[in-house]
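First comes the structure, then the notes that go with it.
This is a predicted model, so every value here is computed, not measured. Just so it is clear: chains get the letters A, B, ... in the order the sequence lines come, proteins before strands, and each one is counted from 1.
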Amino acid sequence: MGKKAPKTAIKPTRNEDYAEWYQQVVKASDLAERSPVRGCMVIKPWGYALWENIVRELDDMFKDTGVKNAYFPLFIPLNFLEKEAEHVEGFAKECAVVTHHRLEKDGEGGLTPAGKLAEPLIVRPTSETIIGESFSKWVTSYRDLPLLINQWANVVRWEMRTRIFLRTSEFLWQEGHTAHATDTEAVERTRMMLDVYANLVENYLAVPVLRGRKSPSERFPGAVDTLCIEAMMQDRKALQAGTSHFLGQNFAKASDIRFQSASENEEYAWTTSWGASTRLIGGLIMSHGDDDGVILPPRVASSQVVLMPIIRKEEDRAKVMEYTQSLAKDLKGVRYHGRKIRVEIDDSPAGGARGWEWIKKGIPLRVEIGPRDIDQNSVFVGRRDTEHRKKESVNRDQFVTDISQTLDEIQQNLFERAKMFMDKHTRDIDKKEDFYAFFTPENKEKPEIHGGFARSFWCGAEDCESKIKEDLKVTIRCIPFDSGSERGACICCGKSGEGRVVFAKSY
RNA sequence: CGGGGCGUAGCGCAGACUGGUAGCGCACUUGGAUGGGGUCCAAGGGGUCGGAGGUUCAAAUCCUCUCGCCCCGACCA
């Protein structure tokens with residue numbers, strides 16, 4: 001008899017310490033690790049594949065709407081950031097600044113910066129200003145519009161506190177920037193791209209989201225309107241999963257993006273910008289992960305299935321491996337949502353440890369293959385979205401035939417589970433005392449998981465927002481598009497407000 | 001930047017109060033036995049004890065300074 005197996009692969013559990021659970025899951029799942037550089041991460045192959053799949057899907061969706069990719073510099077001249085007043089306000093801090101362009105030996109075996117730059121360069125925290133510079137040259141006539149550009153890039157924001165995937169000093173993202181002849185068209189584009197994000201997050205990451213707009217205080221600096229999708233994590237906090245901004249003519253004026261209209265007037269363009277980042281991976285982990293590790297939705301998983309040959313006697317090896325290889329070949333021939341199924345073969349020694357590694361990594365399907373299965377032309381299959389002991393023998397050919405359907409069932413199951421969770425912890429709250437109770441943990445010393453999304457009325461005053469933020473660390477995450485026209489008393493001051501807004505604690 | 005915690009093998013930790021040969025578990029390597037849910041036995045490899053300075057015959061341990069990380073807060077486009 002071996003050691004008694006712990007109940008869960010991840011310690012602590014979500015309920016014991018959610019923040020620590022998250023870190024342990026990231027580590028155990030082999031998705032990423034901390035780097036020697038403060039606040040930065042190394043994305044390991046198992047995690048980077050998720051990003052590659054997100055990129056592939058999103059990029060296709062963008063191109064389907066006419067967007068083209070381009071690339072702009074990493075460095076932005078300091079004065080560019082000074083062009084838009086509100087933008088300056090929002091970005092004044094938290095930027096990496098390049099002040100030198102050379103290293104010299106310091107005489108003690110080290111290196112010291114030399115060659116001071118006349119004007120410092122900023123490592124882009126976002127690229128509105130430098131892309132605006134290009135746009136101003138590219139746009140002269142209404143015939144040049146709309147201009148629909150996206151770039152896949154890394155950006156740097158010198159955050160005070162970082163969390164792997166959720167908020168890192170450097171992260172990968174895409175930023176779309178468009179310029180239009182009319183405000184209507186720009187507004188439509190803003191909404192169109194938000195819907196693209198919602199589609200990706202719900203249908204690929206299997207994470208349900210709320211769609212809506214930010215309150216003025218939560219807007220992107222310099223934006224006229226910020227649309228967002230918000231997801232609920234398993235600690236019931238909100239995660240902003242994507243934003244799309246209608247910038248009005250603010251950035252066009254700052255960057256001098258003008259065109260001559262059909263009626264021969266000179267006008268400023270109307271611009272938008274929209275982004276989603278590697279933060280999505282953090283959202284995926286916190287939406288689906290359990291106390292045994294991460295659970296990857298099949299449509300973005302690095303690989304969908306792992307084959308684990310069981311070789312009891314050396315003379316069985318050839319037979320088992322042959323059966324395994326042939327199964328792998330058949331599986332790889334199956335198309336799953338337009339792509340090949342990816343198969344891992346793990347022939348490390350059979351035993352519980354091997355299986356647990358794959359559970360922690362969250363692969364959707366685990367398949368054990370031993371002499372017994374071969375005799376019956378079957379395979380022994382475990383699904384990551386069900387209890388880990390629940391495994392069943394399936395006819396080999398049936399398994400291959402059904403695999404797309406099985407993966408879709410897992411995908412669907414993950415989405416529905418997350419949707420039920422969000423719905424369960426979303427409630428209409430009309431009394432101030434109920435609102436405060438909802439967001440106050442019973443144990444102040446070691447807060448349990450509590451709260452959720454509160455749908456309440458708000459009078460529209462920033463004072464009420466900041467009061468609630470100060471009291472409870474709760475903010476308006478979004479004003480849902482479908483909030484309706486029902487009127488009710490502001491949860492804070494009691495004055496009348498139209499439509500319920502969603503309050504929550506957030507990442 | 002404020003409060004708290006922590007830096008000792010790849011990972012997790014003990015040793016520190018009371019200074020005296022650098023330890024344990026996991027992982028890794030080799031050999032053997034196992035094998036359908038966290039295997040067993042045996043033998044190995046791996047360390048500037050975060051860094052600098054000080055006290056001492058002697059420092060992981062005591063003192064001073066310093067760097068870094070984690071958690072909570074402030075911040076978060």
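Comment: A:E170 does not engage A:R157 in a salt bridge, judged by the lack of any side-chain N to carboxylate O separation of less than 4.0 angstrom.
In this structure, the side chain to side chain contact (heavy atoms under 4.5 Å, CB included) partners of A:N69, at least two apart in sequence or on a different chain, are A:D59, A:K63, A:N150, A:W152. Residues satisfying the side chain to side chain donor-acceptor pair (under 3.5 Å) test with A:S326, not counting sequence neighbours, are A:R396.
Of the residues A:T271, A:V224, A:T190, the one that meets the side-chain contact (heavy atoms from CB on, under 4.5 Å) test with A:L247 is A:T271.
Partner assigned to B:C17 is none, using Watson-Crick or G-U wobble distances below 3.5 angstrom. Shown here, B:A74 forms no base pair; nothing in the strands shown gives a Watson-Crick or G-U wobble contact with both key distances under 3.5 Å. B:U55 makes up no base pair with any nucleotide shown, lacking Watson-Crick or G-U wobble contacts both under 3.5 Å. Remark: B:G47 base-pairs with no nucleotide; criterion is Watson-Crick or G-U wobble with both hydrogen-bond distances under 3.5 Å. Across all strands shown, B:C6 forms a Watson-Crick or G-U wobble pair, both distances under 3.5 Å, with B:G68. Taking a pair to require two hydrogen-bonding distances under 3.5 Å in either a Watson-Crick or a G-U wobble arrangement, B:G31 pairs with B:C41. Under the Watson-Crick or G-U wobble criterion, with both distances below 3.5 Å, B:G25 is paired with B:C11. In this entry B:A60 has no Watson-Crick or G-U wobble partner, no candidate having both defining distances under 3.5 Å.
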Between side-chain atoms of residues 283-292 of chain A and protein atoms elsewhere (two or more places apart, or another chain), which donor-acceptor pairs fall under 3.5 Å?
residue, atom, partner, partner atom, Å
A:S287, OG, A:G283, O, 2.9
A:H288, NE2, A:L205, O, 2.8
A:H288, NE2, A:A206, O, 3.3
A:D290, OD1, A:D292, N, 2.8
A:D290, OD1, A:G293, N, 3.3
A:D290, OD1, A:R384, NH2, 2.8
A:D290, OD2, A:R384, NH1, 2.9
A:D291, OD1, A:R14, N, 2.9
A:D291, OD1, A:R14, NE, 2.9
A:D292, OD1, A:A9, N, 2.9

Side-chain donor-acceptor contacts of residues 24-33 of chain A below 3.5 Å, not counting sequence neighbours, with atom names and distances?
residue, atom, partner, partner atom, Å
A:Q24, NE2, A:E20, OE2, 2.7
A:S29, OG, A:V25, O, 2.7
A:S29, OG, A:V26, O, 3.1
A:D30, OD1, A:K44, NZ, 2.6

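In terms of position on RNA chain B, the residue among A:S217 and A:E357 whose nearest nucleotide sits closer to the 5' end is A:E357.
Looking at heavy-atom distances under 4.0 Å, A:I164 makes no contact with the nucleic acid at all. No contact: A:R279 has no heavy atom under 4.0 Å from any strand. Residue-level contact check: A:Q23 touches the backbone only, with heavy atoms under 4.0 Å from sugar-phosphate atoms and none from bases.
Taking atom CD on A:E218 and atom P on B:C76, their separation rounds to 9 Å, with Å as the unit. What separates NZ of A:K27 from P of B:C11 is a distance of 9 Å, to the nearest Å. Computed from coordinates, the A:D17 CG to B:C70 P distance equals 15 Å when rounded to whole Å. We find that CZ of A:R34 is positioned 15 Å from P of B:G10, with the value rounded to whole Å. If you take CG of A:D346 and P of B:G38, they are 16 Å apart, rounded to a whole angstrom. Taking atom CD of residue A:E159 and atom P of nucleotide B:C71, one finds them 14 Å apart after rounding to whole Å. Taking atom CZ of residue A:R477 and atom P of nucleotide B:C76, one finds them 12 Å apart after rounding to whole Å. Rounded to whole Å, atom C1' of B:G38 lies 17 Å from atom NZ of A:K361.
Taking the side chain of A:R167 as heavy atoms from C-beta on, and the options B:G73, B:G38, B:C76, the nearest nucleotide is B:C76. Of the candidate nucleotides B:C70, B:G38, B:C76, B:G38 has the atom lying nearest to any side-chain atom of A:W356.
Counting only residues at least two apart or in different chains, ring-ring contact (aromatic ring centres under 6.0 Å, His included) contacts with residues 302-328 of chain A are absent.
Taking the P atoms as reference points, B:G15 lies 10 Å from B:G7, given to the whole Å. Nucleotides B:G44 and B:G5 place their C1' atoms 37 Å apart, quoted to the nearest Å. Remark: the separation of the P atoms in B:U61 and B:U21 is 14 Å, to the nearest Å. Comparing the same atom, P, in B:U48 and in B:C65 gives a spacing of 27 Å after rounding to whole Å. Comparing B:C28 with B:G19, their P atoms are spaced 40 Å from each other, to the whole Å. B:C63 and B:G46 have their P atoms separated by 33 Å, with the value rounded to a whole Å. Across B:G47 and B:C71, the matching C1' atoms stand 28 Å from one another, rounded to whole Å. Atom name C1', nucleotides B:C57 and B:C11: the rounded distance is 38 Å, in whole Å.
Under the 30°/60° scheme for interplanar angles, the aromatic rings of A:F503 and A:F435 are found to stand perpendicular. Ring geometry, A:F171 versus A:W173: the interplanar angle exceeds 60°, so the pair is classed perpendicular (tilted spans 30 to 60°). Ring orientation note: the planes of A:F220 and A:H245 are close to parallel, at an angle under 30° on the 30°/60° scale.
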Measure all distances between protein nitrogen or oxygen atoms and nitrogen or oxygen atoms of nucleotides 30-36 of chain B, and list the pairs falling under 3.5 Å.
residue, atom, partner, partner atom, Å
B:G35, N7, A:R312, O, 3.2
B:G36, N7, A:R372, NH1, 3.4
B:G36, O6, A:R372, N, 2.9
B:G36, O6, A:D373, N, 3.3
B:G36, O6, A:D373, OD2, 3.1
B:G36, N1, A:D373, OD1, 3.4
B:G36, N1, A:D373, OD2, 2.2
B:G36, N2, A:D373, OD2, 3.1

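Note on A:K360: every side-chain N or O is 4.0 Å or more away from OP1 and OP2 of B:G38.
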